[in-house]
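Everything on this sheet refers to the single structure shown next.
This is a predicted model, so every value here is computed, not measured. Both ligands and their constituent atoms are indexed starting at 1 by order of listing.
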Amino acid sequence: MSRGRFGMHGGQYIPETLMNAVIELEEAYTYYKKDADFIRELDVLLNEYAGRPSRLYYAQKMSRHLGGAKIYLKREDLNHTGAHKINNVLGQVLLAKKMGKSRVIAETGAGQHGVATATAAALMDMECEVFMGAEDMERQALNVYKMRLLGARVHGVHSGTATLKDAVSETMREWTNRIHDTHYVLGSVMGPHPFPTIVRDFQAVISREIKAQCLELEGRLPDCVVACVGGGSNAIGAFYHFIDEPQVALIGCEAAGRGIDTLQTAATICTGRLGIFHGMKSYFCQDAYGQIAPVYSISAGLDYPGIGPEHAMLHDSGRATYVAVTDEEAVQAFEYLSRTEGIIPAIESAHAVAYALQQAPQMGKDKIMVINISGRGDKDCAAIARYRGEDIHE
Ligand SMILES: *Cc1c(COP(=O)(O)O)cnc(C)c1O
């Protein structure tokens, strides 16, 4: 694969001023990913600090109730900070430290990646600055507080729609200004090479564990792995070690928002077109003039207008299938899993649960479906209550 291409996708569409930074990062990563000390230190962090391995839980009540496939939940919601994001930030902040950097910067949408980065920075004694759309800071005041509590500085971004895509652009600009002591901890499998590869490798621990756990519990691989897709990091993490196992179906669930036939959607594969943005070639939600379209989903973690280049390739080749799940379907799944298994999933993860509610009953009882529960839903309770017309005190 030449310079981070995934089929025709990926690449490095960046200004000259960033080239040295991504080359330095690629060289360091190529070295440290094989370095025994790095591997051991990251392993200790993942196990002792983040709480890995996460469980592969047999959802017996849900399986019985749906009457089809045997359903397992990969419990990334049990990780420290409550989602899969910690896998990536521990890897990247440790890498930055090895590279001699003293400062990390990150973009954040809903604040989940910002909080995870601030957490890893606190642990590893790094200065941390997070860029967040001013609009999002307003909506996610609790996460802004957490980041500051963890010692990070949070900068409001006022350009564009003052949301996630603008925060990514601003963080890239900031990185250009200060490369010598700063690493950009990118939050998903996107951006210029080598980020989609680095983030995927750090998240691939999810499918490495699913594979071993499913073999241990069932003596075989699952028939189907389902995950929600924003930028695509939890999904690629859950898919990666199954890509070369063609009997395992890989299903990515995008946020349809109010529907893929409306403008209020974030379903990139289902509604987007090929383009170049944030340093990569991939599919993006665009308007009639090829400008990046405003996107919408009830789930703040899924409303990014693009998708990682490896997913774009898996879609082109047909190896993975991408489906769109509406707000309403996700909210129903959020309530269903809470009620049925006593597990409140992140509203992002509920998009994958919604697919299972539709498909598992059509599958034979001898089939095995794994749903990646990318995070826990405490953060979403107030918004879902509001969606249902109930105003609870936040
Ligand atoms: C951020 C987030 C996502 C979306 O990001 P991906 O890179 O697509 O995984 C999904 N689930 C949760 C819980 C998140 O916090």
Side-chain angles (χ1 to χ4, degrees), residues 54 73-89 92 106-117 119 132 136 140 143 146 163-165 167-168 185-191 195-196 198-207 225-240 251-255 266-269 278 280 282-283 295 297-312 314 320 322 325 330 333-334 337 343-354 371-381 383-384:
S54 70
L73 307 178
K74 181 58 173 164
R75 300 289 310 275
E76 291 300 297
D77 59 312
L78 296 178
N79 296 338
H80 179 47
T81 69
H84 68 292
K85 288 195 167 76
I86 194 80
N87 305 328
N88 172 41
V89 300
Q92 283 200 53
E107 86 291 346
T108 197
Q112 298 302 110
H113 176 60
V115 169
T117 304
T119 299
M132 186 172 190
D136 289 331
Q140 303 289 342
N143 278 338
K146 285 185 190 171
T163 57
L164 175 59
K165 76 168 172 48
V168 173
V185 182
L186 225 157
S188 191
V189 283
M190 41 151 296
F195 284 107
I198 292 180
V199 179
R200 178 254 275 152
D201 289 353
F202 289 143
Q203 292 294 357
V205 64
I206 301 173
S207 50
V225 177
V226 189
C228 65
V229 181
S233 70
N234 88 89
I236 210 77
F239 294 174
Y240 186 67
I251 313 290
C253 300
E254 301 191 310
T268 307
I269 295 255
H278 285 157
M280 62 179 174
S282 189
Y283 295 113
V295 287
S297 160
I298 190 169
S299 143
L302 301 183
D303 67 356
Y304 178 68
I307 187 167
E310 193 164 5
H311 285 292
L314 293 173
Y322 297 85
V325 172
F334 177 88
L337 196 68
I343 294 170
I344 303 173
I347 188 64
E348 291 84 4
S349 324
H351 286 70
V353 177
I371 310 171
N372 196 38
I373 304 298
S374 53
R376 66 172 182 233
D378 310 47
K379 67 184 180 54
D380 301 307
C381 288
I384 304 304

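With 3.5 Å as the limit, one finds a donor-acceptor pair spanning the side chains of Glu76 and Asn87.
In this structure, the side chains of His311 and Tyr283 stay at 4.5 Å or more apart for every pair of heavy atoms. Inter-residue side-chain proximity for Thr117 and Lys85 is flagged as unmet; no heavy-atom pair is nearer than 4.5 Å. The shortest distance between side-chain heavy atoms of Glu254 and Ile307 falls below 4.5 Å. Between Tyr240 and Gln203, every side-chain heavy-atom pair lies at or beyond the 4.5 Å cut-off.
The atoms of ligand 1 that sit less than 4.0 Å from any heavy atom of Ser233 are 6 (P), 7 (O), 8 (O), 9 (O). Near Ala346, with a cut-off below 4.0 Å to any heavy atom, the atoms of ligand 1 are 13 (C). Interface of Gly375 with ligand 1, defined as ligand atoms under 4.0 Å from a residue heavy atom, comprises 13 (C).
For Glu76, no heavy-atom contact with ligand 1 is shorter than 4.0 Å. Under 4.0 Å from ligand 1, not a single heavy atom of His113 appears.
With hydrogens left out, the protein atom closest to atom 1 (C) of ligand 1 is Lys85 NZ, 1.4 Å, a heavy atom. The nearest heavy-atom contact from the protein to atom 4 (C) of ligand 1 is Gly301 O, 3.3 Å. With hydrogens left out, the protein atom closest to atom 13 (C) of ligand 1 is Ser374 OG, 3.4 Å, a heavy atom.
Remark: ligand 1 and Gly232 share an N or O pair separated by less than 3.5 Å (distance only, no angle test). In terms of polar-atom proximity, Gln112 is not counted as a contact of ligand 1, lacking any N or O under 3.5 Å from an N or O of the ligand. Here's the thing with Glu348: none of its N/O atoms is less than 3.5 angstrom from an N/O atom of ligand 1. Of the N or O atoms in Gly230, one or more lie within a sub-3.5 Å distance of an N or O in ligand 1. Below 3.5 Å of separation, one finds no N or O of Lys379 facing any N or O of ligand 1. Checking only distances, Gly231 does come within under 3.5 Å of ligand 1, N or O to N or O.
Here the straight-line distance linking atom CG of Asn79 with atom CD1 of Ile373 works out to 12.5 Å at 0.5 Å rounding. Atom OG of Ser282 sits about 11.0 Å away from atom CD of Glu310, to the nearest 0.5 Å. Distance NZ/Lys379 to CD1/Ile344: 12.0 Å, rounded to 0.5 Å. Interatomic distance, Ile371 CD1 to Arg75 CZ, rounded to the nearest 0.5 Å: 11.5 Å.
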